Chemist: 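Take this structure first; my questions come after.
Counting convention: from 1, in listed order, for ligands and their atoms alike. Remember, predicted model here, so these are calculated numbers, not experimental data.
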Amino acid sequence: MIPKINFIEAKSVFTKSGLPGADWVINPYNGCLFACMYCYAAQIARWKHPDEEWGTYVDVKINAPEILKKELERLHKKLNTKKFGTVFFSSVTDPYVGIETKYRLTRKCLEVLAEFRYEGNISIQTKSPLVTNDIDVLKKLKDVTVGFTITSLDDKISRFLEVRAPSISSRLEALDKLNKSGIKTYAFIGPILPHFINNDEKINDLLDKLQKVGVKEVWFEHINLSPKIKSRLYEYLKKEDSKLITDFENSDTQEYRDNLEKIIKKAMQGRGMKMGLGKVIYHKTLPKKK
Ligand code: SF4
């Protein structure tokens, strides 16, 4: 597949966020080549590309760092503070989608925030180890957290549903590197895929692995598919392995969720890790801490 890369001039990149846990959101790109089959951004970003398949295009906001700088200065003048709330990278893309190696817009936006001396929390959520290339910039930020989405320990499952995202093993290595560099991290286990049902062994294996790479905070999110996302996913499953549709259907009940929560809470006991358990809709939202 040859991705379609569009270059656009953004009018704004520091956008007020409606997501719980994030006051502002920065999307240096729009669209994501990782093409995850459960991706909610596929629906949110769709209005700009109604006829294109999610995962085949990216809009590159070539002026993102310059616009960000202006927006931060404007807000600083207006609010007389350098702390406007939590800033989240990103809601309609992965901020470290592969082409970041070429355009480095996420890096440049982080540099702008560092030069501005932004005082609020900056939260980055990704599936890509490319974020480790920016450890030098991350260290200059006052309050930054990097989260990795980890939905399984099995690279085959990941490859199947997170079609072109970096392997789980490379994400775990990146978490290790970030933790060893003193960057705060978390793991986002969401959506919790149906293979975890009634399986405390799988949950425990995953948590063991996360602890081994130094993760101290874990967020869980139940699978919660909107009708459009469900139809995209089910179309794919029908072609690839239709019995999986039953697994997804069976996981969409309150009883399933209650049971899963019991397993998760038990598995978390005694680990000394912070936990968030959400039923939020958006896959990259940080649910409110309990
Ligand atoms: S990495 Fe995130 S934004 Fe990109 S396709 Fe996957 S779920 Fe969507």
Chemist: Does the residue A35 have a heavy-atom contact with ligand 1, meaning some pair of atoms that are separated by less than 4.0 Å?
Modeler: yes
Chemist: Under 4.0 Å from a heavy atom of C39: which atoms of ligand 1 are those, numbered in the order shown and with their elements?
Modeler: 3 (S), 5 (S), 7 (S), 8 (Fe)
Chemist: Please verify whether a non-hydrogen atom of E162 lies at under 4.0 Å from ligand 1.
Modeler: no
Chemist: Under 4.0 Å from any heavy atom of W54, which atoms of ligand 1 are there?
Modeler: 5 (S)
Chemist: Got a salt bridge between R107 and D134, using NZ or NE/NH1/NH2 to carboxylate O under 4.0 Å?
Modeler: yes
Chemist: Show the atoms of ligand 1 that are less than 4.0 angstrom away from any heavy atom in C36.
Modeler: 1 (S), 5 (S), 6 (Fe), 7 (S)
Chemist: Got a sec: is C32 within less than 2.8 Å of atom 6 (Fe) of ligand 1 via an N/O/S atom?
Modeler: no
Chemist: Donor-acceptor check, side chain of R164 to backbone of G55, threshold 3.5 angstrom: yes or no?
Modeler: yes
Chemist: For the pair F84 and F116, name the ring-plane relationship: parallel under 30°, tilted 30 to 60°, perpendicular over 60°.
Modeler: tilted
Chemist: Does K274 make a cation-pi contact with Y186, if we ask for NZ or CZ under 6.0 Å from the ring centre and within 45° of the axis?
Modeler: no
Chemist: Scan side-chain atoms only and decide if N179 and T185 contain a donor-acceptor pair under the 3.5 Å cut-off.
Modeler: yes
Chemist: Would you mind listing which atoms of ligand 1 come within a distance below 4.0 Å of any non-hydrogen atom of K127?
Modeler: 1 (S), 2 (Fe), 6 (Fe), 7 (S)
Chemist: Donor-acceptor check, side chain of N63 to backbone of A10, threshold 3.5 angstrom: yes or no?
Modeler: yes
Chemist: Give the numbers and elements of all ligand 1 atoms closer than 4.0 Å to a heavy atom of F34.
Modeler: 1 (S)
